[in-house]
There are 2 protein chains.
Amino acid sequence: MIVIGELINGMYKDVARAVANREADIIQHLALEQVKDGASMLDVNMGPYSKDPARDMRWLVETIQAVVEVPLSLDSTKADVIEEGLKITKKRAVINSTSADPERMDIIFGLAKRYNAQVIGLTMDKSGVPNSKASRLELAQTIVAKAIEYGINTEDLYLDPLLLPLNVAQPQAVEVLESIHEFRLLCNPAPQVIFGLSNLTQGIKSRSLINRTFLTMAIANGLTAVILDPLDKKLMDALITAELLLNKNIYCDSFLDAYRKK
Amino acid sequence: MIVIGELINGMYKDVARAVANREADIIQHLALEQVKDGASMLDVNMGPYSKDPARDMRWLVETIQAVVEVPLSLDSTKADVIEEGLKITKKRAVINSTSADPERMDIIFGLAKRYNAQVIGLTMDKSGVPNSKASRLELAQTIVAKAIEYGINTEDLYLDPLLLPLNVAQPQAVEVLESIHEFRLLCNPAPQVIFGLSNLTQGIKSRSLINRTFLTMAIANGLTAVILDPLDKKLMDALITAELLLNKNIYCDSFLDAYRKK
C-alpha cells in the first residue's frame with residue numbers, strides 16, 4: 001500500500017503560516033512525523049493563501065527533502081507550480097493531479113513525460129464529479145487512453161474515483177468501492193487506484209471510525225494507494241491489519257510494530 | 001446483516017456448568033445481553049461436556065425462548081440433538097450445520113425440509129477443510145445442488161467458506177474473502193454467506209482488531225451473515241459502520257445509536 005501523508009497542506013492555517021514565514025522546523029517536523037508513522041510519500045500543497053505559489057512550492061520541496069527521503073506528491077491546480085517542484089525533486093514525483101479534461105491532460109501528461117513523473121488522474125471533468133460507477137469508469141477510460149497516448153506506463157497512473165462526503169452523498173460510497181475493483185481491470189499493467197480518504201468525512205462525527213472502516217473496505221476491493229493522515233494511529237492500525245489479512249506481510253504477534261519498523 | 005450471537009456455547013466452562021446445573025438465569029442473561037447488543041439470532045451449542053445433549057438442547061431452547069424472541073441456530077454435530085431443538089423452536093430455526101458429505105446432507109436437508117428450517121453448509125467434507133478458493137467453490141456447488149434437490153430455497157442456505165486461524169493458515173484469509181464473492185454468484189436467489197469469525201483468531205494477540213478488520217473486508221465482499229461475539233462493542237461498531245457505507249442505513253450523526261435502537 002502506498003501511503004501519502006496529507007498534512008503538509010496550506011489549507012491548514014498552521015501550515016499556511018509556516019510557509020508564509022519560512023518556518024522550516026514546523027514543516028520538517030510534519031514531514032518527519034508522517035514518515036515515522038508510515039507515510040511512504042508526502043503530499044505537498046501550499047494551499048489557497050499562498051501569494052507566490054511557485055516560489056512556495058520550491059521552498060517546501062527543498063525544506064522537506066532536507067529531512068526525509070520519500071517521494072513527493074506535488075499537489076496544485078497550477079501546472080507551472082507543479083513544474084517548479086518537478087525541477088528539484090530528488091525522488092520520482094507524483095503529479096497531483098489531472099482531471100479527464102483533454103487540455104489539462106495534455107499539459108499534465110506532457111509534464112509527466114518530460115520529468116518522468118507519475119500522475120494522479122481524477123475521474124471528473126468540466127461537468128463535475130460523477131454520481132455513478134458507470135460515469136467514473138468512462139472518465140477513467142479517457143484518462144488511461146490519454147496516458148497511453150503519452151507513453152506513460154499505466155502502473156504509473158493513479159486513478160482516483162473521488163470520494164464525496166458521506167453526509168451529502170451517501171450512495172456514492174458504494175459506487176466508489178465498486179469503481180476501485182473495475183479500475184484495476186482497465187488495463188495491463190493495472191493502474192494504481194487511490195483516493196483522498198478525508199473527503200469522505202468532512203464535517204462528520206465519528207470521523208476516525210468511518211474513515212478506517214471505509215479504508216479497510218476499499219483495500220478489500222483492491223485500493224493500492226491512499227492519501228490520509230498517517231498520525232491517526234487507529235487508521236494506520238486498520239491499514240496494516242488489512243494488508244496482513246491480504247497476506248502482504250507475514251503474521252507475527254507484533255505485526256503492527258514489525259510493519260512500522262520496516 | 002444477520003448477526004448470530006456465539007456466546008451460548010458449552011465450550012465455555014461457565015456455560016457448560018450453567019447447563020449441567022440448570023442455572024437458567026446465567027443462560028438467559030447471555031441471551032438478553034447478546035440481543036441487546038445487536039444479535040438477530042442466537043447460536044445454541046451445548047458443547048463437548050454435555051452428558052445428555054438431546055435433553056440439554058431442549059432445556060437450552062426452552063430457557064432462551066422464555067426471555068428472547070429471536071430465531072435460534074441449533075449447533076450440534078448430532079442430528080438427533082438438532083431435531084430435539086427443531087421440535088420446540090418457536091421461530092424458524094437455522095441448522096448449524098451440514099458438511100458437503102452426501103450422507104450428512106441427506107440427513108440435514110431432510111430435517112430442514114421436515115421442520116422448515118434454514119441450513120448452514122460448511123464447505124468441507126471427509127477429506128477436511130479445503131485450502132483454496134477453487135475447492136471451496138466446488139464443495140459449495142455440491143451443497144447448493146443437494147439443497148435444490150431437497151426443494152430448499154437457496155436464500156435459506158448459508159454457505160460457510162470456513163475461516164482458519166491466521167497464525168497457522170494465513171493465506172487462507174484471502175481465499176475466504178474471494179470465496180464470499182463467488183458464493184453469492186452461485187445461484188439465484190443468492191445463498192447467504194456466513195462464517196464463524198472467532199475461528200480466525202484462536203490464540204492470537206490483537207484479536208479484536210484483526211476480527212473487526214476482517215469482518216469489514218468480508219462485508220465489502222458480500223458477506224450476509226456472521227457468527228460472532230456481539231458484546232465486542234468495537235466489533236459491532238465496525239459492522240454497523242460497514243453497513244452504513246454500503247448504504248444499508250441512512251447516515252445521521254448518531255448512526256451507531258440509531259442502529260442499536262432498531
Side-chain angles (χ1 to χ4, degrees), chain A residues 163-178 180-181 197 200-223 233-259, chain B residues 163-178 180-181 197 200-223 233-259:
Chain A
L163 273 176
L164 294 168
L166 193 64
N167 52 358
V168 298
Q170 187 180 345
Q172 292 307 305
V174 183
E175 302 289 321
V176 165
L177 283 179
E178 292 177 358
I180 294 167
H181 184 72
L197 182 59
L200 180 66
T201 50
Q202 301 288 3
I204 273 186
K205 249 186 82 177
S206 316
R207 243 195 126 157
S208 180
L209 171 65
I210 294 174
N211 282 347
R212 66 180 174 267
T213 304
F214 191 76
L215 177 60
T216 304
M217 297 171 89
I219 292 173
N221 274 273
L223 194 79
K233 187 176 174 300
K234 285 183 178 173
L235 179 60
M236 286 302 294
D237 282 354
L239 182 151
I240 296 166
T241 307
E243 293 226 271
L244 178 82
L245 289 162
L246 290 182
N247 209 26
K248 304 272 172 87
N249 299 302
I250 305 282
Y251 173 79
C252 63
D253 271 352
S254 53
F255 71 96
L256 293 171
D257 290 341
Y259 179 100
Chain B
L163 272 177
L164 294 168
L166 193 64
N167 52 358
V168 298
Q170 188 181 344
Q172 293 306 305
V174 183
E175 302 290 321
V176 165
L177 283 179
E178 292 176 358
I180 294 166
H181 184 72
L197 182 59
L200 180 66
T201 51
Q202 300 290 1
I204 273 187
K205 250 185 80 177
S206 315
R207 246 196 122 157
S208 179
L209 171 65
I210 295 174
N211 282 347
R212 65 179 174 265
T213 305
F214 191 77
L215 177 60
T216 305
M217 297 170 89
I219 293 172
N221 273 272
L223 194 80
K233 186 176 175 299
K234 286 182 176 172
L235 179 61
M236 287 302 294
D237 281 354
L239 182 151
I240 296 165
T241 307
E243 293 226 88
L244 178 81
L245 289 162
L246 290 182
N247 210 26
K248 303 273 172 86
N249 298 301
I250 305 284
Y251 173 78
C252 63
D253 271 352
S254 53
F255 71 96
L256 293 171
D257 290 341
Y259 179 99

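Chain letters run A, B, ... following the sequence lines, proteins first and then strands; every chain starts at 1. Just the heavy atoms: all of them, side chains too, but no hydrogens, waters or symmetry mates, feed the values below.
- Within the model, atoms NE2 of His181(A) and NE2 of His181(B) stand 5.5 Å from one another, a figure rounded to the nearest 0.5 Å.
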Enumerate donor-acceptor pairs with a distance under 3.5 Å from any side-chain N or O in residues 244-251 of chain A to protein atoms, sequence neighbours excluded.
residue	atom	partner	partner atom	Å
Asn247(A)	OD1	Gln170(B)	NE2	3.3
Asn249(A)	OD1	Lys262(A)	NZ	3.2
Tyr251(A)	OH	Asp253(A)	OD1	2.6

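- When heavy atoms are compared at a cutoff of 4.5 Å, Thr213(A) approaches chain B by way of both its backbone and its side chain.
- Side-chain contact check for Tyr259(A) versus Leu239(A): some heavy-atom pair is nearer than 4.5 Å.
- Remark: Ser208(B) engages Arg212(B), Asp232(B) in a side-chain hydrogen bond (donor to acceptor under 3.5 Å, both in side chains) (not counting sequence neighbours).
- In this structure, the portion of Leu177(B) lying under 4.5 Å from any heavy atom of chain A is its side chain and not its backbone.
- Options Met217(B), Gln172(B), Lys205(B) differ in how many heavy-atom pairs under 4.5 Å they form with chain A, and the most are formed by Met217(B).
- Ranked by heavy-atom pairs under 4.5 Å with chain A, the list Asn167(B), Val176(B), Leu209(B) is led by Leu209(B).
- For Ser206(B), the part lying under 4.5 angstrom from a heavy atom of chain A is the side chain only.
- You'll find the side chain of Thr241(A) stays beyond 4.5 Å of the side chain of Phe214(B), heavy atoms only.
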